Amino acid sequence: MATQHQLDEARVEAFMEKALGDLSGTMAVGLCHLGDRLGLFRRLAGRGPASSGELADALGLHERYVREWLRGLTAAGYLEEPEPGRFALPPEHAPALAEESGPMFLGGVYQMMPAALAPYERLAEAFRAGGGVRQGDYPDPLWDGMSRFTGAWFESVMIDDWLSTFPHVVEKLERGVDVADVGCGAGRALTVLAKAFPRSRFTGFDNFPAQVERARAHAERSGVADRVTFATVDAVQGLPGRFDLVTTFDVVHDAADPQGLLAAIRAAVKDDGDYLMLEVNCADRPQDNVGPVASMLYGFSVFYCMTTSLASDGAALGTCGMPETVVRDLTTRAGFREVVRSTADDPFNVLYDIRP
């Protein structure tokens, strides 16, 4: 063990500052989840500066809790105190904290965090004994938060930013084609597509029955259930029918058998069709995945993506396990001929048009 005189004191202090900052950030995430769940951020965004008493009265909350929440997030730099006892949400912070329909909204992520940590003891045991945490072991708020998080992306950037880089796919959808979304989750992507392209027909497949039920309910609420259907299917065993367009949105890296999944997708894509794969934007070399975004992604991998794959004795690619080189290798081995990377500039995701 290094002795005191061998240590670089400046590095010790710098790391301690970072570690304390990360602990502070953890507390801020918890406070942000409360602010999202209880409507505090939305109230501040819509009505402007308020006292703890005014917020508590408006939302039916206890003033003492609200006051401590306000003080905590002001200390963290999320809120401001323009005059003593009155607090404000800066307008520049509202897209992340209060504007649910926008691409920067983080409320869904805040909602996911406590749920992702819920099976913590089971995960710790998997570190020792192997295996993993199954999808069914997570509480419902994980799926609700995931739907809110990804739904904001789908609704704000999928059509104009992602799909627009592949005009021939847009033309097909406008003309009217059969579309399958594999790993559809709560169905947010298909709902957006169905609204934008009413002449096309959409089917969502997922191997988790609870998600399929959520997808059906969401399609019904969105008024597109007449042309969007969902089914519980293990896609690796094959998809029922063939389709002009197959999509996966951040799915393959989670799969227990990614190669088998891609082979099944290839069999389901018509020879003149397209397969759109959205995957995490990560570097080919793991050592190049550094910084706050990469740290967050590896955290999600440990707490969800990798462990759910290992629960089925899977490949456990992990959240950063599908860089472009892996995408090209796996799809080529599955029988696809061409991989075209979207030119859309997105720090989190990459869309590929993969053709038979």
Side-chain angles (χ1 to χ4, degrees), residues 36-37 95-96 98-113 115-116 135 138-164 169-170 173 178-198 200-233 235 243 245-255 275-281 300 304-305 308 319 342 344 346 348-351:
D36 172 65
R37 179 173 176 174
E99 297 176 7
E100 183 148 358
S101 61
M104 297 182 184
F105 183 67
L106 295 175
V109 182
Y110 295 139
Q111 183 177 0
M112 289 170 62
M113 296 307 295
Q135 284 184 308
Y138 292 91
D140 286 347
L142 179 80
W143 315 113
D144 296 335
M146 190 179 296
S147 176
R148 293 175 70 206
F149 180 46
T150 59
W153 283 352
F154 294 142
E155 291 167 9
S156 58
V157 303
M158 183 163 65
I159 305 299
D160 294 335
D161 293 348
W162 292 345
L163 283 184
S164 65
V169 174
V170 174
L173 288 164
D178 292 309
V179 182
D181 184 30
V182 178
C184 65
R188 298 291 292 266
L190 283 191
T191 298
V192 170
L193 288 172
K195 288 180 176 179
F197 304 106
S200 289
R201 300 156 298 279
F202 304 89
T203 306
F205 300 105
D206 204 286
N207 64 355
F208 191 34
Q211 286 288 70
V212 171
E213 290 306 312
R214 289 185 182 90
R216 287 174 177 153
H218 182 68
E220 188 71 35
R221 289 194 302 270
S222 302
V224 296
D226 59 325
R227 56 187 183 278
V228 182
T229 59
F230 298 94
T232 302
V233 170
F243 301 87
L245 176 65
V246 176
T247 61
T248 58
F249 297 100
D250 281 338
V251 166
V252 179
H253 69 262
D254 288 338
Y275 165 38
L276 293 182
M277 175 199 288
L278 187 76
E279 269 299 333
V280 173
N281 189 356
F300 276 124
Y304 178 76
C305 298
T308 53
T319 313
S342 169
D346 188 318
F348 296 103
N349 291 103
V350 178
L351 184 66

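Just so you know, residue 1 is the first one in the sequence shown, and it goes up from there. As the structure is a prediction and not an experimental result, all values here were calculated from the model.
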Margin query: Walk me through whether Gln135 and Leu142 qualify under side chain to side chain contact (heavy atoms under 4.5 Å, CB included).
Written below: CA-CA 10 Å; Gln135 284 184 308; Leu142 179 80; over 6 Å; no

Margin query: For a side chain to side chain contact (heavy atoms under 4.5 Å, CB included) check, start with the C-alpha distance between Leu276 and Leu351, then their side-chain angles and the critical distance, and finish with the verdict.
Written below: CA-CA 7 Å; Leu276 293 182; Leu351 184 66; 4.2 Å; yes

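- Annotation: side chain of His218 is in contact with side chain of Arg188 (closest heavy-atom distance under 4.5 Å).
- Although no hydrogens or angles enter the test, the distance criterion places a donor-acceptor pair under 3.5 Å between the side chain of Ser200 and the main chain of Leu173.
- Side-chain atoms of Met113 and Phe300, non-hydrogen and from C-beta on, do get closer than 4.5 Å to each other.
- With rounding to the nearest 0.5 angstrom, the CG atom of Leu163 is 6.0 Å from the CE atom of Met158.
- The aromatic rings of Phe154 and Trp162 lie perpendicular to each other, with more than 60° between the two planes, well past the 30° mark.
- Atom CE of residue Met146 and atom CD of residue Gln211 lie 7.0 Å apart, to the nearest 0.5 angstrom.
- Closest heavy-atom contact between Val212 and Ala231: CG2-O, 3.8 Å.
- Under the ring-ring contact (aromatic ring centres under 6.0 Å, His included) criterion, Phe202 pairs with no residue at all, not counting sequence neighbours.
- Between Trp153 and Phe249, the ring centre distance reaches or exceeds 6.0 Å.
- Residues Leu278 and Val350 are not in side-chain contact: their nearest non-hydrogen atoms beyond the backbone lie 4.5 Å or more apart.
- Nearest heavy-atom pair across Phe243 and Val179 is CD2-C, 3.9 Å.
- Ser342 contributes a side-chain N or O that, together with a main-chain N or O of Ala344, makes up a donor-acceptor pair within less than 3.5 Å.
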Notebook entry, point to check: How far apart are the C-alpha atoms of Val233 and Asn207, what are their side-chain angles, what is the distance that settles it, and do they pass the side chain to side chain contact (heavy atoms under 4.5 Å, CB included) test?
Noted result: CA-CA 5 Å; Val233 170; Asn207 64 355; over 6 Å; no

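- The heavy-atom pair separating Ile159 from Ala196 by the smallest distance is CD1-CB, 4.0 Å.
- Residues Ala115 and Pro139 approach most closely at O-CD, 3.6 Å, considering heavy atoms.
- The closest side-chain heavy-atom distance from Cys184 to Phe205 is not below 4.5 Å.
- In summary, the aromatic rings of Tyr304 and Tyr138 are positioned with their centroids under 6.0 Å apart.
- Between Met112 and Trp143, every side-chain heavy-atom pair lies at or beyond the 4.5 Å cut-off.
- Residue Leu193 holds its CG atom at 8.0 Å from CG of Asp181, rounded to the nearest 0.5 Å.
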Next item on the list: Verify side chain to side chain contact (heavy atoms under 4.5 Å, CB included) between Val246 and Val182, making sure each step is shown before the conclusion.
Entry: CA-CA 7 Å; Val246 176; Val182 178; 3.9 Å; yes

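- Proximity of a side-chain donor or acceptor of Glu279 to a complementary backbone N or O of His253 within less than 3.5 Å is detected.
- Across Asp250, Asn281, Thr150, a single residue satisfies side-chain hydrogen bond (donor to acceptor under 3.5 Å, both in side chains) together with Asn349, and that is Asp250.
- Between the side chains of Thr248 and Tyr275, a donor-acceptor pair is found at a separation under 3.5 Å.
- Looking at Thr247 and Leu245, their side chains come closer than 4.5 Å, going by heavy atoms from C-beta outward.
- When atom types are taken as modelled, the side chain of Thr308 and the backbone of Cys305 share a donor-acceptor pair closer than 3.5 angstrom.
- Taking NZ of Lys195 as the reference point, atom OG1 of Thr191 lies at 7.0 Å (rounded to 0.5 Å).
- In this structure, a donor-acceptor pair under 3.5 Å is absent between the side chains of Gln111 and Arg37.
- Pairing each heavy atom of Val228 with each of Ala194, the nearest pair is CG2-CB, 3.4 Å.
- Of the charged side-chain nitrogens involved, at least one lies within less than 4.0 Å of a carboxylate oxygen, so that Arg214 and Asp140 count as a salt-bridged pair.
- Heavy-atom minimum distance, Ala152 versus Gly102: CB-O, 3.2 Å.
- Scored by the side-chain contact (heavy atoms from CB on, under 4.5 Å) test, Tyr110 finds Val29, Cys32, His33, Tyr78, Leu97, Leu106 as partners (sequence neighbours excluded).
- Taking the charged nitrogens against the carboxylate oxygens, Asp226 and Arg201 have no contact shorter than 4.0 Å, which rules out a salt bridge.
- If you take CE on Met104 and CD on Glu99, they are separated by 9.5 Å, rounding to the nearest 0.5 Å.
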